[in-house]
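Notes for the one structure printed next.
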Amino acid sequence: MKSSNSCPSDVGRNPFVHELEFTVTEKIKIGLMSVTVFPVRLLFVSFFMLLAWPFAFTAAFGRSEFVIEPQSWWRRFVDLCLRVIMRAMWFCGGFHWIKVKGERAAPSEVPILTVAPHSSYFDAIPVTMTMCSIVAKLESRSVPVWGTLISYIRPVFVFRSDQNSRRKTVEEIKRRAQSGGQWPQIMIFPEGTCTNRSGLILFKAGAFIPGLPVQPVVLRYPNKLDTITWTWQGPGAFKILWLTLCQLHNPIEIEYLPVYTPSDEEKENPAVFASNIRKIMAKALNVPLLNFSFEDREIGFSKGPLQIYDYHSLLEFNQLVRSLGLRAGTTNKLLEDHARRARKLHADKLGLEGFAQFLDLPVTQALTQVHSLFDKHGDGQIDIRHYVIALSTVHQPSNSLKTLRLAFKMYESEENGEVLETELADILEIMLGLKEVELSRLFLALGRHDTGKIAYDELHHFIEQHPHFVRDYLDFKGEVSQPQSCNGHNHKKDQ
Ligand SMILES: *[C@@H]1O[C@H](CO)[C@@H](O)[C@H](O)[C@H]1NC(C)=O
Ligand SMILES: *[C@@H]1O[C@H](CO)[C@@H](O)[C@H](O)[C@H]1NC(C)=O
């Protein structure tokens with residue numbers, strides 16, 4: 001994993017990062033707990049998990065995936081045993097008392113519970129307390145012991161990569177949700193991945209497509225030292241387990257919010273429904289809305305000397321082109337092809353119609369929005385090369401030199417392959433997500449101040465020699481000086 005500390009202030013805005021730091025006292029505590037409480041707890045936790053296994057295995061044996069069998073006495077008994085065993089397991093893990101606020105609605109009333117923020121495998125606590133179904137990755141079924149426990153609660157399985165399976169998952173959610181309370185309730189983590197709980201990322205639409213009432217559930221882990229968060233960058237699964245078991249007590253709070261019945265507009269439009277529920281949950285949690293989604297996380301992890309400096313505009317762009325269906329089909333070949341066509345257009349500007357033609361798409365609202373992102377002078381005309389650079393940047397956020405090469409192919413002059421200083425500024429503005437990049441310091445350092453032109457190889461070489469290239473040689477204005485989403489940290493650095 002990367003350890004990029006070249007620009008920590010920028011990297012810090014990624015909700016998929018969990019940086020854990022310990023004070024000396026904490027270190028001593030963890031050291032002491034590691035040799036005393038930890039092994040005992042681990043033993044008990046493992047014991048209870050293994051104890052749960054035969055129950056879950058028996059109950060799930062030979063069950064159909066499509067019909068729900070009548071609740072016989074022994075199934076109820078197994079269910080009760082499992083709940084008790086799981087509660088004992090969490091207790092041994094330091095989750096001594098679990099604070100529950102509000103009340104869970106009946107399955108006949110609300111088929112779907114939307115739970116957020118999703119930040120760890122400890123989020124299984126509300127699931128084992130309620131024995132609700134969940135949406136789970138297919139691979140989780142084959143995890144020893146845990147996989148059997150997961151199968152017991154009849155999850156809706158998804159194959160992450162397969163587009164078709166995603167549709168099937170939504171259909172299955174719909175089918176169960178419309179069963180009128182026959183099936184267990186489904187707990188859905190609509191964020192679709194774990195974050196560090198600093199805000200709510202965008203919700204996936206799956207839980208909202210059936211257009212049925214949902215009950216939002218918010219989770220809180222009000223511990224001082226956050227040993228719970230398990231996200232894309234930061235401590236791994238075992239470290240999280242170890243650190244958590246080394247805490248004397250692990251507080252958790254589950255709050256059931258009031259049931260939300262969608263309006264007609266929300267039934268029609270799951271995205272609006274999802275967005276409104278997200279706002280309610282963010283308010284209950286008192287955290288900001290973050291414009292990231294699971295699919296955007298790569299953008300947050302862009303690396304290298306031309307690491308994206310401000311995600312704001314590129315995130316918006318990425319979400320729009322995804323909604324237009326343009327992201328899935330983006331390949332290096334398509335980018336090359338776009339670049340060739342853009343070069344032929346030279347500096348001819350494209351209006352909305354021309355842009356739609358270039359992409360072979362009808363003029364829609366989303367397309368209009370993409371177009372206006374590049375409308376630099378507000379005259380309804382864009383330079384299509386800017387679009388190609390942005391598409392390449394979101395397609396390969398960590399391969400910025402490839403994007404730079406592609407950009408040069410569109411701009412460089414026939415005779416000596418050079419681009420102008422102003423053109424390079426345009427290119428870098430888009431790649432870094434910045435406004436108004438100034439390159440005179442760079443050109444001075446390159447000894448190119450007189451000509452104001454540069455060729456790719458020379459720049460490439462210079463960037464390789466200067467890993468802090470952006471910080472050391474560019475002057476710029478950020479798109480937003482501070483993330484608007486960070487409550488209370490909006491120090492403007494204008495003067
Ligand atoms: C969590 O994500 C936010 C961005 O939303 C970031 O500013 C913060 O530093 C992250 N927290 C930790 C502990 O890494
Ligand atoms: C998030 O995106 C929406 C729509 O794209 C936009 O209106 C909003 O200002 C963005 N919020 C932040 C904090 O970037």
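A donor-acceptor pair under 3.5 Å links the side-chain atoms of T331 to the main chain of L334, judged by distance alone. For the pair R87 (side chain) and L82 (backbone), a donor-acceptor distance under 3.5 Å is absent. Q215 places a side-chain N or O within donor-acceptor distance of the main-chain N or O of E103, the cut-off being under 3.5 Å. Side-chain atoms of N223 do not come within 3.5 Å of backbone N or O of P251 as any donor-acceptor pair. Remark: the backbone N or O of L315 is not paired with any side-chain donor or acceptor of N291 at under 3.5 angstrom. Using a distance-only test at 3.5 Å, with no hydrogens or angles considered, a donor-acceptor pair links the side chain of S142 to the main chain of E139. Using a distance-only test at 3.5 Å, with no hydrogens or angles considered, no donor-acceptor pair links the side chain of N318 to the main chain of V394. In this structure, T231 contributes its side chain and C194 its backbone to a donor-acceptor pair below 3.5 Å. Formation of a donor-acceptor pair under 3.5 Å by the R75 side chain with backbone atoms of S72 is not found in this model. In this structure, the side chain of S133 engages the main chain of R154 through a donor-acceptor pair within 3.5 Å.
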- Query: Going through the distances and angles, do F55 and Y152 end up as a ring pair (Phe, Tyr, Trp, His ring centres under 6.0 Å)?
  - Reply: CA-CA 9 Å; F55 287 90; Y152 173 75; 9.8 Å; no
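The existence of a salt bridge linking R197 and D226 is confirmed by a sub-4.0 Å separation between a basic side-chain nitrogen and an acidic carboxylate oxygen. Here R175 does not pair with E171 in a salt bridge; the nearest charged N to carboxylate O distance is not below 4.0 Å. With salt bridges taken as basic N to acidic carboxylate O contacts below 4.0 Å, one links D79 and R83. Classification of E172 and K168 as a salt-bridged pair fails, no side-chain N sitting under 4.0 Å from a carboxylate O. A salt bridge does not link E429 with K435: none of the charged nitrogens is closer than 4.0 Å to a carboxylate oxygen. One finds no salt bridge joining E191 and K204 here, because no Lys/Arg side-chain nitrogen approaches an Asp/Glu carboxylate oxygen to under 4.0 Å.
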For residues 45-52, run the donor-acceptor check on the side chains, cut-off 3.5 Å, and write out each pair with its distance to 0.1 Å, sequence neighbours left out.
{"unit_1": "S46", "atom_1": "OG", "unit_2": "L42", "atom_2": "O", "d": "2.5"}

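Judged by distance alone, the side chains of R322 and S293 do bring a donor and an acceptor atom under 3.5 Å apart. For the residue pair Q185/R104, the side-chain donor-acceptor check at 3.5 Å is satisfied. For the residue pair T229 and S120, no side-chain donor N or O sits within less than 3.5 Å of a side-chain acceptor on the partner. Between the side chains of H118 and D123, a donor-acceptor pair is found at a separation under 3.5 Å. Side-chain atoms of W232 and T193 include a donor-acceptor pair closer than 3.5 Å. Residues S34 and W242 have side chains that bring a donor and an acceptor to within less than 3.5 angstrom of each other. No hydrogens or angles considered: a donor-acceptor pair under 3.5 Å links the side chains of D296 and Q319. For the residue pair E298 and S302, no side-chain donor N or O sits within less than 3.5 Å of a side-chain acceptor on the partner. Using a 3.5 Å distance cut-off with no hydrogens or angles, the side chains of E253 and Y221 do not pair a donor with an acceptor.
The cationic atom of R41 (NZ for Lys, CZ for Arg) does not lie both less than 6.0 Å from the six-membered ring centre of F91 and within 45° of the ring axis. Cation-pi geometry between R297 and F301 is not met at under 6.0 angstrom from the ring centre and within 45 degrees of the axis.
The only member of T393, L335, L306, L391 that meets side-chain contact (heavy atoms from CB on, under 4.5 Å) when paired with T403 is T393.
Ring pair H386/F374 is tilted by interplanar angle, where 30° to 60° counts as tilted. Using cut-offs of 30° and 60° for the angle between ring planes, the H249 and W97 rings count as parallel. Ring pair F57/W53 is parallel by interplanar angle, where below 30° counts as parallel and above 60° as perpendicular.
One finds the CG atom of L324 at 5.0 Å from the OG1 atom of T364 (value rounded to the nearest 0.5 Å). Note that CG of L225 and OG1 of T23 are 8.0 Å apart. Values are rounded to the nearest 0.5 Å. Interatomic distance, CH2 of W183 versus CZ of R176, reported as 4.5 Å (0.5 Å rounding).
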